[in-house]
There are 2 protein chains.
Amino acid sequence: MPTATVLANRASTAWAINTESHVQAEATDGFAPLRQIGTVASFARNETIFNEGDAAEFSYKVVTGAVRLCKMLPDGRRQIANFFLPGDFFALGEDSEYSFTAEAVGDTTVVCYARKRIQGLCDELPGVRKELVSRLYRDLSAAQNHLVMLGRQTAKERVASFLLLLAKRHSATDGAMIDLPMGRQDIADYLGLTIETVCRALSDLKHCKLITTPNTHQAVLHDIEALHDICESEL
Amino acid sequence: MPTATVLANRASTAWAINTESHVQAEATDGFAPLRQIGTVASFARNETIFNEGDAAEFSYKVVTGAVRLCKMLPDGRRQIANFFLPGDFFALGEDSEYSFTAEAVGDTTVVCYARKRIQGLCDELPGVRKELVSRLYRDLSAAQNHLVMLGRQTAKERVASFLLLLAKRHSATDGAMIDLPMGRQDIADYLGLTIETVCRALSDLKHCKLITTPNTHQAVLHDIEALHDICESEL
DNA sequence: CGGATGGTTGATGCGTTTCAACAGAGGTGG
DNA sequence: CCACCTCTGTTGAAACGCATCAACCATCCG
């Protein structure tokens with residue numbers, strides 16, 4: 001299902017197809033010139049942004065909401081490779097087809113950039129090129145750390161690591177509240193666990209007074225230090 | 001342990017510190033200009049090429065042998081993020097410190113490239129730049145597929161996937177022999193399993209007549225199709 | 001030949017998954 | 001506005017897959 005499908009999908013919920021202009025400038029963002037070539041699109045909760053195998057014409061930036069990048073196995077098992085939050089770029093690759101599926105976690109708006117035009121900007125502007133390479137490194141690094149988590153950490157360690165990852169994004173300190181835009185099933189599929197195991201691990205952390213969860217989409221981290229300890233050697 | 005240590009390590013086994021000139025030109029390699037700036041180094045089996053946390057001054061290419069990229073957890077658990085075989089580049093990042101450790105799997109020779117000089121070539125030569133970005137994408141893509149394996153595949157599926165990965169590198173067809181330069185423990189740490197589980201999965205595959213192992217460092221794949229089936233839905 | 005290293009196989013235990021029941025939040029319609 | 005329904009999250013009990021522990025085997029090398 002190439003381009004046509006993607007565009008059809010998008011059209012169904014994408015209302016404001018306009019040049020991206022309203023977004024505030026981000027301090028030292030080498031991608032600033034992309035502002036000129038982006039178009040905005042919106043997706044409803046759980047809607048597909050692109051499917052594995054679709055012709056890859058666009059790269060994206062999250063404006064609001066959250067996106068999950070995932071792969072389905074034929075029998076229904078799912079692995080989420082990454083979550084993207086506002087400000088994150090995704091699908092920056094150069095393959096002719098997407099190798100993963102991207103879906104909106106909640107109602108989400110993104111900016112779409114035609115890859116050809118990104119390519120053009122890269123050739124002209126060293127700043128854009130460097131920013132792209134730098135973001136690629138970060139993605140690679142994130143994926144490699146994710147590998148360690150999936151390969152060698154226990155369930156409790158993975159959940160603690162996940163909370164700390166989010167905390168780092170929020171620059172959260174002890175006592176800070178962090179948002180969990182994704183549901184428990186999404187967390188499970190990111191951590192390579194089942195939803196029940198994620199729940200149990202969270203309950204454990206609650207009983208240890210390390211976190212509290214005012215509601216299912218927020219968490220308060222009371223002892224980041226202790227969470228770190230859990231990640232590095234099971235207690 | 002910054003530079004000094006790395007160089008000390010290298011000096012212990014690196015004899016031929018010469019400009020890389022003998023290596024045959026690889027057809028359409030955008031990295032050809034790197035030939036001018038590389039120096040050769042050799043490492044004995046299990047020797048460290050660089051440690052996590054070392055100052056990252058060099059990027060590398062494998063000439064002969066194999067390299068594992070891994071991370072140790074404080075309690076001794078180890079995860080291997082990737083293996084690099086002859087022709088592969090590694091440590092192409094731009095962080096000031098390596099975030100993983102690289103070790104020689106067997107006796108190995110590599111070419112070292114000062115990152116500064118790679119950077120210089122990237123700025124001058126679009127071909128080098130594009131090759132670098134392209135290799136980064138491939139690494140990212142490999143890591144993401146690895147994630148699916150660790151997060152959602154069973155032991156048998158992982159081992160079959162691993163064999164197929166190697167087969168793809170060899171462009172192997174049915175009946176072809178593939179090399180396993182790494183030991184069982186390395187395979188286990190790559191797949192997020194124990195050495196015993198890897199052995200058992202291999203034995204299973206042998207009993208199913210899908211593979212034979214003339215010795216521990218080689219395997220013959222008799223039915224690649226069937227191995228694919230195992231990866232995608234447990235039989 | 002003898003010890004060391006790496007690999008294989010078997011028996012048991014544990015952590016996670018699976019299956020099942022229930023609880024809470026959110027949305028819809030009477 | 002409340003009853004009802006659905007969807008998501010939580011908790012418990014049982015089953016299963018992989019890890020652990022242990023013994024044994026093969027190969028290499030002094």
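Order of the sequence lines sets the chain letters (A, B, ...), proteins ahead of strands, with each chain counted from 1. Scope of the values below: all heavy atoms of this structure, side chains included, with no hydrogens, waters or symmetry mates.
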Nucleotide interval of DNA chain D bounded by contacts with chain A (heavy-atom cut-off, under 4.0 Å):
dT8(D) to dA13(D)
Measure [atom1]/[X] against [atom2]/[N] and give the value in whole Å, please.
X: Asn215(B); N: dG6(C); atom1: CG; atom2: C1'; result: 13 Å
X: Leu202(B); N: dT8(C); atom1: CG; atom2: C1'; result: 11 Å
X: Asp107(A); N: dG26(C); atom1: CG; atom2: P; result: 15 Å

Letter by letter from the 5' end, nucleotides 9-22 of chain C scores (B base, S sugar-phosphate only, - none; protein heavy atoms under 4.0 Å) BBB----SBBB---
Criterion side chain to side chain donor-acceptor pair (under 3.5 Å) against Asp189(A), the qualifying member of Arg184(A), Arg78(A), Gln79(A)
Arg78(A)
NZ/Lys206(A): more than 12 non-hydrogen atoms of other groups inside 6.0 Å:
yes
Atom NE2 of residue position His170(A) - does it have more than 12 heavy atoms of other residues, nucleotides or ligands inside 6.0 Å?
yes
Chi angles and distances behind the salt bridge (Lys or Arg N to Asp or Glu O under 4.0 Å) call for Arg77(A), Glu157(B):
CA-CA 13 Å; Arg77(A) 285 174 288 180; Glu157(B) 288 168 348; 2.9 Å; yes
If the condition is side chain to side chain contact (heavy atoms under 4.5 Å, CB included), which residues does Glu97(A) pass it with, not counting sequence neighbours?
none
Before we go on, tell me: are the rings of [X] and [Y] under 6.0 Å apart, centre to centre?
X: Phe89(B); Y: Phe31(B); answer: yes
X: Phe84(A); Y: Tyr60(A); answer: no
X: Tyr190(B); Y: Phe83(B); answer: yes

Within the 4.0 Å heavy-atom criterion, would you say Arg45(B) contacts the bases, only the backbone, or no part of the nucleic acid?
sugar-phosphate
